[in-house]
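Each remark here refers to the structure printed beneath this line.
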2 protein chains.
Amino acid sequence: MADPQERLEQTIRVLKDKGCRLTPQRLAMLRILSKSEGHPSAEQIYEQIRADYPTTSLATIYKTLSLLKNMNEVFEITFASVGSHYDGNKPYPHPHLICTKCGQILDPEFGPLAGISQEISRQTGYKITHQQLIFFGLCPKCQKAGQAPE
Amino acid sequence: MADPQERLEQTIRVLKDKGCRLTPQRLAMLRILSKSEGHPSAEQIYEQIRADYPTTSLATIYKTLSLLKNMNEVFEITFASVGSHYDGNKPYPHPHLICTKCGQILDPEFGPLAGISQEISRQTGYKITHQQLIFFGLCPKCQKAGQAPE
DNA sequence: CATCTAATTGATAATGATTATTTATAGAAA
DNA sequence: TTTCTATAAATAATCATTATCAATTAGATG
Ligand SMILES: [Mn+2]
Ligand SMILES: [Mn+2]
Ligand SMILES: [Zn+2]
Ligand SMILES: [Zn+2]
């Protein structure tokens, strides 16, 4: 994982570059996201923030997450059955390992790209039941510029 | 892809084995799902069904999908930003290729497991921007039987 | 420091996909 | 026919997320 302090400073730099304000609520969120322990959901971030800033609104959490997503300073794991979770420590797409019972989410570390499941299983002790591999991109039709989404 | 007729018959067999009834609405759904053209959403299945059975309720679609999921006769692609989509032709986990502009979902065919993105891109003409690879399983703690989910 | 103003916040309403509930229906069994 | 049970239809409820808008404030300016 990246050094949380460096991630924090990096994100603050990007925010300032874009002319965004650094409010206390945002700073508190950045501290949490720079570590992203356990890949928190919006609700979990909200609960942590409220410890220090009891009047914070959940809407602020969502708006800040949206802002950070747009500048690629947080990565969103969108999986319907567990809701969205966030990783501000590795703010780019990467594989995840989800426990289907308790919902715990890990970043599995793996080198090549073969026998992955076994390797992850060995590393983490998880018993892997299934996986989801999704590729995103633009279909040929959508690559033509100036075309509205259907 | 599997032969839709065979998939239809297979699912009907499983339903009967479990003592479930084969209603006209269900049969209409099975016909759609056995092909699963375009990986339809619940809403899209609903619209197709209504052509033949105008009084059908959306709740029935969801209930039947839930039934079929439980007997592994349909695979659900749960990705938050596009909502759930269904594949009854290949009713088991497999990779998907999603256009982030129009939402089209394909089953990319690929052999080994290296240089996948390039191969998929060549086969489909998609310009791949990112991917999501998620492994599901049970963490060591959850593998201990009789433990409640957190 | 005081003032100014656009960005941001907090409170709340709205949205939308999915699930739950309740009553009605229909076919199988007796 | 009567009874029984699975299922359907209609509708309400849920819940995560987004939108709205008046109030507040960070940060620039003088
Ligand atoms: Mn991660
Ligand atoms: Mn598929
Ligand atoms: Zn677990
Ligand atoms: Zn497209």
Side-chain angles (χ1 to χ4, degrees), chain A residues 11-30 32 39-71 73-86 103 105 149, chain B residues 11-12 14-30 32 39-71 73-86 103 105:
Chain A
T11 306
I12 290 172
R13 263 194 303 277
V14 172
L15 276 176
K16 288 194 171 165
D17 277 0
K18 306 259 180 184
C20 297
R21 292 181 184 168
L22 191 62
T23 65
Q25 296 90 334
R26 277 186 184 167
L27 185 57
M29 271 191 74
L30 295 191
I32 292 167
H39 295 86
S41 64
E43 187 69 34
Q44 289 167 338
I45 295 168
Y46 179 54
E47 282 157 19
Q48 285 191 64
I49 296 281
R50 299 196 88 180
D52 293 320
Y53 301 89
T55 66
T56 304
S57 167
L58 186 54
T60 297
I61 307 297
Y62 278 106
K63 274 181 288 196
T64 302
L65 284 170
S66 174
L67 183 76
L68 295 171
K69 276 189 285 177
N70 287 334
M71 36 185 74
E73 290 299 322
V74 71
F75 177 65
E76 182 180 24
I77 304 159
T78 58
F79 192 72
S81 64
V82 298
S84 281
H85 287 253
Y86 300 88
I105 303 176
Chain B
T11 306
I12 290 173
V14 172
L15 275 176
K16 289 193 171 165
D17 278 358
K18 305 261 179 182
C20 298
R21 292 180 185 167
L22 190 63
T23 65
Q25 296 92 331
R26 278 186 183 169
L27 185 58
M29 271 192 74
L30 296 191
I32 292 167
H39 296 85
S41 64
E43 187 70 36
Q44 288 167 339
I45 294 168
Y46 179 54
E47 282 156 19
Q48 285 192 63
I49 296 281
R50 297 195 89 178
D52 293 321
Y53 301 89
T55 67
T56 304
S57 167
L58 185 54
T60 298
I61 307 295
Y62 277 106
K63 271 181 292 192
T64 303
L65 284 171
S66 174
L67 184 75
L68 294 171
K69 276 189 284 177
N70 287 334
M71 38 184 73
E73 289 300 320
V74 71
F75 177 66
E76 181 180 24
I77 304 159
T78 58
F79 192 73
S81 63
V82 298
S84 281
H85 287 254
Y86 300 88
I105 303 175

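Every chain is numbered from 1, with letters handed out A, B, ... down the list of sequences. This one's a predicted model, so the numbers in the text were calculated from it and none came from an experiment.
The interatomic distance linking A:Tyr53 (OH) with C:dT8 (C1') rounds to 15 Å, in whole Å. Between A:Leu27 atom CG and D:dG27 atom P the separation is 10 Å, expressed in whole Å. Rounding to whole angstrom units, NZ of residue B:Lys16 and P of D:dT7 are separated by 13 Å. Spacing between atom CG of B:Leu22 and atom C1' of C:dA26 amounts to 14 Å, rounded to whole angstrom units. Atom P of nucleotide D:dA6 and atom CG of B:Leu67 are separated by 12 Å, given to the nearest angstrom. Spacing between atom CG of B:Leu30 and atom P of D:dT7 amounts to 12 Å, rounded to whole angstrom units. Summarising the geometry, the separation between CG on A:Leu65 and C1' on C:dT9 is reported as 15 Å, rounded to the nearest angstrom. For the pair A:Leu58 CG and C:dA14 P, the computed distance is 18 Å after rounding to whole Å.
Pairing each heavy atom of A:His85 with each of A:His39, the nearest pair is ND1-O, 2.6 Å.
Side-chain N/O atoms of A:Arg21 and base N/O atoms of C:dA6 include a donor-acceptor pair closer than 3.5 Å. Not a single donor-acceptor contact under 3.5 angstrom links the side-chain atoms of A:Arg26 to the base of C:dT9.
Note that CE of A:Met29 and CD of A:Gln25 are 10.5 Å apart. Values are rounded to the nearest 0.5 Å. The distance from atom CG of B:Leu15 to atom CD of B:Glu73, rounded to the nearest 0.5 Å, is 7.5 Å.
Nearest to the side-chain atoms of B:Thr60 among the listed nucleotides D:dT17, D:dA8, D:dG27 stands D:dA8. With distances taken from any side-chain atom of B:Thr64 to the nucleotides D:dG27, D:dA8, D:dA10, the minimum falls on D:dA8. Closest contact between the side chain of A:Lys63 and the listed nucleotides D:dA8, D:dT20, D:dG27 involves D:dT20.
No engagement by B:Glu43 is indicated, since no non-hydrogen atom pair under 4.0 Å with the nucleic acid exists. In this structure, A:Ser66 reaches neither bases nor backbone, as no heavy-atom distance under 4.0 Å exists between it and the strands shown. Contacts of B:Ser41 with the nucleic acid, taken as non-hydrogen atoms under 4.0 Å apart, are absent.
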- request: Go through the steps for A:Thr23 and A:Thr64 under the test side chain to side chain contact (heavy atoms under 4.5 Å, CB included), then give the verdict.
  value: CA-CA 11 Å; A:Thr23 65; A:Thr64 302; over 6 Å; no
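Residue A:Gln25 places no side-chain N or O under 4.0 Å from the OP1 or OP2 atom of D:dT25. Distances shorter than 4.0 Å separate none of the side-chain N or O atoms of A:Thr23 from OP1 or OP2 on C:dA7. Checking the phosphate oxygens (OP1, OP2) of D:dA10, no side-chain nitrogen or oxygen of B:Ser57 falls inside 4.0 Å. OP1 or OP2 of D:dT17 sits under 4.0 Å from a side-chain N or O of A:Tyr62.
In this structure, A:Val14 and A:Leu68 have side chains that are not in contact, with every pair of non-hydrogen atoms separated by 4.5 Å or more.
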